[in-house]
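Chain letters run A, B, ... following the sequence lines, proteins first and then strands; every chain starts at 1. As a basis for the values below, the full set of heavy atoms in this structure was taken, side chains included, without hydrogen atoms, waters or symmetry mates.
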Amino acid sequence: MSHSNESLLLIDGHSLAYRAFHALPVENFSTSTGQTTNAIYGFISMLINVLRDEEPSHVAVAFDLGRQTFRLEEYPEYKAGRAKTPPEFHPQIDLIKDIVTAMGIRVVTKEGFEADDALATMARMGTEAGAVVEVMSGDKDSFQLATDKVTILYPKRGVSDLNRMTPAAVEEKYGVSPANYRGLAALVGEKADNLPGVPGVGDKTAAKWLTAHGDLPGVLENAESIGGKVGEKLRDHITEVERNYRLNRLLDDVDLGLEFDDLAWGAGDPTELSSLFDQLEFQALGKRLAAIFPEAGTESEPAPTRETSIETVDIDALLTKISDHDVLALDSDATFELGHGQARTLAVSAEPGQAWVVDLAEAGQKDIGKLGSALGGHSLILHSSKLQIKAWESMGLSVADIAGDTALAAYLLVPDARSYELGQIAADRAGIDLSEPESDSGQLALDLDSDAAVTTHGQRAAALLEVHEVLAKAVDDANMTQVYRDIELPLVPVLARMESTGIAVDEAGLTNLIDEFTKQAEASAQEAYDAIGHEVNLGSPKQLQTVLFDELDMPKTKRTKTGYTTDAEALAELFVKTEHPFLQHLLAYRDSTKLKQTVVGLLKTVADDGRIHTTYQQTVAATGRLSSLDPNLQNIPVRTESGRRIRDIFIADPEVTDGTLLTADYSQIEMRIMAHLSGDAALIQAFKDGEDLHSYVGSKVFGVGIDEVDSEMRSKVKAMSYGLVYGLSAYGLSRQLAIGVDEAKGLMDQYFERFGAVKDYLDDIVEQARANGFTETIMGRRRYLPALHSDRRQLRDMAERAALNAPIQGSAADIMKIAMLKVADRLKDLHSPMLLQVHDEIIVDVRPDEINEVKAIVTEEMGSAFELDVPLDVNVGTGRSWHAAAH
DNA sequence: CCGTTAGCCA
DNA sequence: ACGTGGCTAACGGG
Ligand SMILES: Nc1ccn([C@H]2C[C@H](O)[C@@H](COP(=O)(O)OP(=O)(O)OP(=O)(O)O)O2)c(=O)n1
Ligand SMILES: [Mg+2]
Ligand SMILES: [Mn+2]
């Protein structure tokens with residue numbers, strides 16, 4: 001095999017990216033999501049230029065891997081004393097590797113060696129294969145590699161101009177041959193590597209000695225004969241020089257596990273490359289690249305609106321048509337309210353731009369059943385799949401598995417977006433226009449109009465495959481495929497089942513509570529009126545301000561946008577100052593009306609099966625938590641006695657004799673995650689010893705024994721602890737605990753002193769987030785925080801606090817979701833359905849004969865959902881009601 | 001109808 | 001301006 005016309009370009013990725021990083025201002029290079037791109041831009045720009053100019057047949061980019069090199073082992077101070085690499089740098093290296101790979105260029109790394117050693121090895125391989133070799137490196141040590149076959153391309157300043165260092169050029173610049181360059185560097189020393197040489201010896205002197213004595217060993221042998229002060233210095237520093245000489249030799253025999261032919265410049269992955277450039281918002285660079293790399297388009301052009309083929313068919317025909325397709329996209333006019341779902345127009349697409357539509361309302365149950373079985377053999381792509389499958393289930397169409405959900409995928413990519421409507425996603429991500437056609441009357445066509453429904457859902461289904469492909473690719477690029485496929489998608493049917501099951505309530509109990517709370521509210525209102533001598537709308541903060549600050553002349557409270565606050569905290573403070581009875585009655589009125597409103601709200605949502613069916617939102621909370629609405633069952637009162645009476649009306653299925661509710665709540669969940677992520681030794685040990693941190697901190701704060709911390713105190717301390725780790729200020733703490741700012745400051749200092757690594761970890765999260773543009777949970781779920789780079793202080797501070805919280809709250813959400821999947825799986829063949837999730841708690845309706853088994857399942861599966869450096873502990877209780885179970 | 005205020009939960 | 005993440009209800013200006 002002959003390689004006579006071949007040329008090999010070898011690049012030191014690390015040193016050049018590092019130069020680019022310092023040459024280009026960070027502030028000018030960041031994307032809208034906050035990803036810093038200066039090193040990427042500078043490096044890729046330089047790479048494109050050199051590829052254009054040199055037109056190599058073979059290319060490789062080498063990166064350092066790991067810190068431990070043989071050099072560091074010999075000399076622990078190697079490269080010590082360097083300014084710490086800014087956190088914005090390393091994440092860019094990973095992206096550079098991705099781009100380089102997508103350009104068809106081999107990325108080479110080798111554990112324990114520096115990029116330079118890999119370059120030296122490949123240069124030797126290239127020479128032996130008969131190729132012309134060029135080595136681009138920002139490290140002068142590479143000069144030793146120059147031969148008549150190997151040229152070093154050394155960037156002058158910044159990253160734009162390259163010096164071509166041939167043997168002659170090295171000779172001219174340093175007065176020594178490339179072979180002697182090592183000796184020269186050893187004598188002079190290399191500050192960047194923390195390798196001091198002989199003091200007072202520069203390039204000139206070193207070159208003179210090397211020329212006189214042939215090479216460095218020659219110089220050292222003849223050290224005695226060198227006169228003057230410098231000669232003396234040389235003799236004093238022989239050990240250092242010898243060490244430098246050993247360390248600056250580049251190894252050309254590293255086992256890289258590749259051959260010369262593996263370095264051939266390949267076709268790469270133009271689609272991936274475009275997507276990376278889009279992601280990094282490199283436009284001009286994309287065009288420059290296109291000149292030498294024609295396949296890589298610069299923009300993902302919106303697809304031209306093409307005709308969609310929509311065909312109305314009956315179920316039999318549909319079954320025939322879908323039979324030879326694996327993947328199907330479906331959409332329908334699904335609705336679900338108060339425990340009842342409906343879907344009439346169902347569209348099925350097997351190829352982009354095409355859909356068949358069936359009318360489920362006209363189909364017989366038998367056909368629908370056949371369709372359900374048939375769909376079980378396909379991978380199904382949906383949008384907002386939970387709503388869809390619930391509605392279909394109501395129509396007798398059962399779907400057990402979801403292979404893709406465009407809303408969920410879009411959520412993972414941008415978890416704090418305002419909405420994930422298919423029309424918006426399709427337009428943004430795939431350039432597909434799904435805007436509704438207007439009817440004659442000029443109004444948007446309604447789904448009732450069945451022709452319009454056919455078109456609408458036909459088009460949506462026809463777009464789904466394409467939209468999903470783009471989203472799934474982006475999810476994969478962000479390393480979130482596991483979160484997507486192993487957590488979010490399988491969770492959909494689990495949540496759907498929980499919602500459809502609902503939780504039983506004691507309706508009579510609810511009505512009684514309303515009566516009671518209404519009477520209390522009326523009494524308090526009357527007393528409040530009596531205290532000021534007239535009636536006023538106690539629910540109107542505006543009218544209250546008139547009473548408090550104009551009529552009663554009370555001191556002004558904290559400002560709000562529209563006036564002065566009348567919140568409970570402010571009213572309590574005013575009461576301390578004025579002791580005016582109106583305030584007490586107003587506070588009591590607020591309490592009673594709030595409780596009453598809560599119960600009224602719940603009663604309104606009781607379905608005709610006597611149960612409440614909440615809806616879990618899987619794409620709302622930016623951290624990865626679920627939320628619950630219509631009604632929200634994640635904020636049922638618990639902190640006051642009256643509140644717990646509301647919890648008491650959530651009961652086990654009354655149709656099951658002696659049924660029991662079981663609640664399982666993770667113990668101190670986010671504190672455990674904090675211990676794990678921060679690695680704080682004291683915190684980890686505390687959890688391993690089974691300590692209760694909230695009680696421990698409570699005992700310190702209230703100055704009592706751990707066992708004397710009652711549940712009310714513990715609950716206060718819980719709020720304080722989480723407040724502190726998530727960015728509560730001394731001022732905020734002083735208000736929360738109604739103490740002085742100084743006292744609050746003292747508590748804060750004590751807290752963070754006790755858990756030292758926590759503070760460091762929190763600082764680190766923010767720094768990492770600033771560099772990466774996002775935070776990450778233990779499962780790799782991301783939250784992008786571009787506001788970390790905002791020049792508006794308030795926005796920036798808010799983003800910093802969100803960055804503190806997101807990895808921890810989000811990791812807790814990951815763990816709970818995994819636990820739910822495992823619990824649901826093991827409850828599958830039992831008769832004890834999971835009903836609710838309250839962030840770190842699940843509620844199960846247990847059939848009496850299954851109680852021990854369910855307890856064991858929940859404890860095991862929640863406890864083993866994810867292995868942290870601390871144990872996961874779960875508090876489990878049972879009882880006739882939610883309240884009783886939690887006791 | 002929507003922004004604001006208040007208050008409930010994790 | 002000074003824990004984060006949610007949802008609901010009432011008020012009142014438009
Ligand atoms: N004021 C609060 C209360 C809770 N949480 C978060 C952190 C908690 O870990 C999680 C679950 O709330 P819990 O009330 O269950 O609190 P813990 O799990 O920490 O404590 P416990 O052992 O009482 O369950 O919600 C929070 O951020 N701020
Ligand atoms: Mg809890
Ligand atoms: Mn808990």
**Prompt:** Which residues, if any, of residues 626-633 of chain A bring a heavy atom under 4.0 Å of DNA chain C?
**Reply:** Ser627(A), Ser628(A), Leu629(A), Asp630(A), Asn632(A)
**Asked** Counting side-chain heavy atoms from CB outward, which of dG5(C), dT5(B), dA9(C) is closest to Gln597(A)?
**Response** dA9(C)
**Asked** Quick one: is Arg639(A) getting a side-chain N or O under 4.0 Å of the dA10(B) phosphate, OP1 or OP2?
**Response** yes
**Asked** Does Lys542(A) make a side-chain N or O approach to OP1 or OP2 of dG13(C) shorter than 4.0 Å?
**Response** yes
**Item:** Between Arg754(A) and Tyr696(A), a side-chain donor and acceptor under 3.5 Å
**Value:** yes
**Request:** State whether a side-chain donor-acceptor pair under 3.5 Å links Gln837(A) with Gln634(A).
**Result:** yes
**Asked** Between dC8(B) and Thr598(A), is there an OP1 or OP2 to side-chain N/O distance shorter than 4.0 Å?
**Response** no
**Rounded distance (Å) that lies between atom P of dC9(B) and atom CG of Asp665(A)** = 14 Å
**Message:** Checking contacts here: which listed nucleotide (dC11(C), dG3(C), dC9(B)) is nearest the side-chain heavy atoms of Asn537(A)?
**Reply:** dC11(C)
**Message:** Students often get this wrong, so: under 4.0 angstrom with heavy atoms, is Val725(A) touching a base, only sugar-phosphate, or nothing?
**Reply:** nothing
**Message:** Against the six-membered ring of Phe774(A), is Arg782(A) placed for a cation-pi contact (under 6.0 Å from the centre, within 45° of the normal)?
**Reply:** yes
**Message:** Nearest heavy atom decides the nucleotide; on that basis, is Gly539(A) or Met720(A) closer to the 5' end of DNA chain C?
**Reply:** Met720(A)
**Prompt:** How about Thr623(A) and Gln809(A): does a side-chain donor come under 3.5 Å of a side-chain acceptor?
**Reply:** yes
**Request:** Could you tell me whether Lys561(A) contacts a base, only the sugar-phosphate backbone, or nothing, with contacts defined as non-hydrogen atoms closer than 4.0 Å?
**Result:** sugar-phosphate
**Prompt:** With nearest nucleotides of DNA chain C determined for Tyr722(A) and Ala621(A) from heavy-atom distances, which residue corresponds to the more 5′ nucleotide?
**Reply:** Tyr722(A)
**Prompt:** What integer distance in Å separates Ile636(A):CD1 from dT8(C):P?
**Reply:** 11 Å
**Message:** Rounded to whole Å, how long is the line connecting atom CZ of Arg735(A) with atom C1' of dA1(C)?
**Reply:** 12 Å
**Request:** Mind checking Ala568(A) for me? I need base, sugar-phosphate or nothing, with any heavy atom below 4.0 Å counting as a touch.
**Result:** sugar-phosphate
**Message:** Categorize Arg796(A) for me: base, sugar-phosphate, or nothing, with a 4.0 angstrom heavy-atom threshold over every strand shown.
**Reply:** nothing
**Item:** Rounded interatomic separation in angstrom, taking CZ from Arg783(A) and P from dG5(C)
**Value:** 5 Å
**Prompt:** Of all the nucleotides listed (dC9(B), dC2(C), dG5(C)), which has the minimum atom distance to the side chain of Ala622(A)?
**Reply:** dG5(C)
**Fill in**
Tightest non-hydrogen contact, residues Leu804(A) and Pro807(A), listed as O-CD, 3.7 Å
**Item:** Evaluation steps, salt bridge (Lys or Arg N to Asp or Glu O under 4.0 Å), between Asp648(A) and Arg880(A)
**Value:** CA-CA 9 Å; Asp648(A) 204 39; Arg880(A) 57 164 290 282; 3.6 Å; yes
**Asked** Are OP1 or OP2 of dA10(B) and a side-chain N or O of Asn635(A) less than 4.0 angstrom apart?
**Response** no
**Message:** For the residue pair His534(A) / Glu551(A), report whether a side-chain donor-acceptor contact shorter than 3.5 Å exists.
**Reply:** yes
**Prompt:** For the residue pair His580(A) and Phe582(A), does the interplanar ring angle fall in the parallel (under 30°), tilted (30 to 60°) or perpendicular (over 60°) class?
**Reply:** perpendicular
**Asked** Under a 4.0 Å heavy-atom cut-off, which of residues 837-845 of chain A touch DNA chain B?
**Response** Val838(A), His839(A), Asp840(A)
**Message:** Can you tell whether the side chains of Glu800(A) and Arg770(A) come within less than 4.0 Å, N to carboxylate O?
**Reply:** yes
**Asked** Is a side-chain donor-acceptor pair under 3.5 Å present for Tyr726(A) with Glu670(A)?
**Response** yes
**Asked** Going by ring centres under 5.5 Å and near-parallel planes (under 30°), is Tyr731(A) stacked on dC2(C)?
**Response** yes
**Asked** Reckon Thr593(A) touches a base, only the sugar-phosphate, or nothing at all at heavy-atom distances under 4.0 Å?
**Response** nothing
**Request:** Starting at atom CG of Leu586(A), determine the distance to atom C1' of dA6(B), rounded to an integer number of angstrom.
**Result:** 11 Å
**Item:** Contact under 4.0 Å: Arg801(A) side-chain N or O vs dT4(C) OP1/OP2
**Value:** yes
**Derivation and outcome, ring pair (Phe, Tyr, Trp, His ring centres under 6.0 Å), residues His585(A) and Phe575(A)** = CA-CA 11 Å; His585(A) 300 308; Phe575(A) 183 71; 9.3 Å; no
**Request:** May I have the distance from Asp567(A) (atom CG) to dC8(B) (atom P), rounded to whole angstrom?
**Result:** 11 Å
**Asked** Taking the six-membered ring of Tyr666(A), is the NZ or CZ of Arg672(A) close enough (under 6.0 Å from the centre) and on axis enough (within 45°)?
**Response** no
**Prompt:** What nucleic acid atoms does Val600(A) come within less than 4.0 Å of, heavy atoms only: base, sugar-phosphate, or nothing?
**Reply:** nothing
**Message:** Tell me the interatomic distance from Leu836(A), atom CG, to dA10(B), atom P, rounded to whole angstroms.
**Reply:** 13 Å
**Prompt:** Expressed as a whole number of Å, how far does the C1' atom of dG3(B) sit from that of dG3(C)?
**Reply:** 24 Å
**Fill in**
When rounded to whole Å, the CZ to P distance for the pair Arg418(A) and dC2(B) reads 13 Å
**Prompt:** Contact class for Thr565(A) (heavy atom, under 4.0 Å): base, sugar-phosphate, or nothing?
**Reply:** sugar-phosphate
**Prompt:** Base, sugar-phosphate alone, or nothing: which one does Arg625(A) contact when heavy atoms must sit under 4.0 Å apart?
**Reply:** base
**Prompt:** What nucleic acid atoms does Ala812(A) come within less than 4.0 Å of, heavy atoms only: base, sugar-phosphate, or nothing?
**Reply:** nothing
**Asked** If only side-chain N and O atoms of Gln543(A) are considered, is one of them under 4.0 Å from the OP1 or OP2 phosphate oxygen of dG12(C)?
**Response** yes
**Request:** Looking at every strand, decide which applies to Gln809(A) at a 4.0 Å heavy-atom threshold: base, sugar-phosphate, or nothing.
**Result:** base
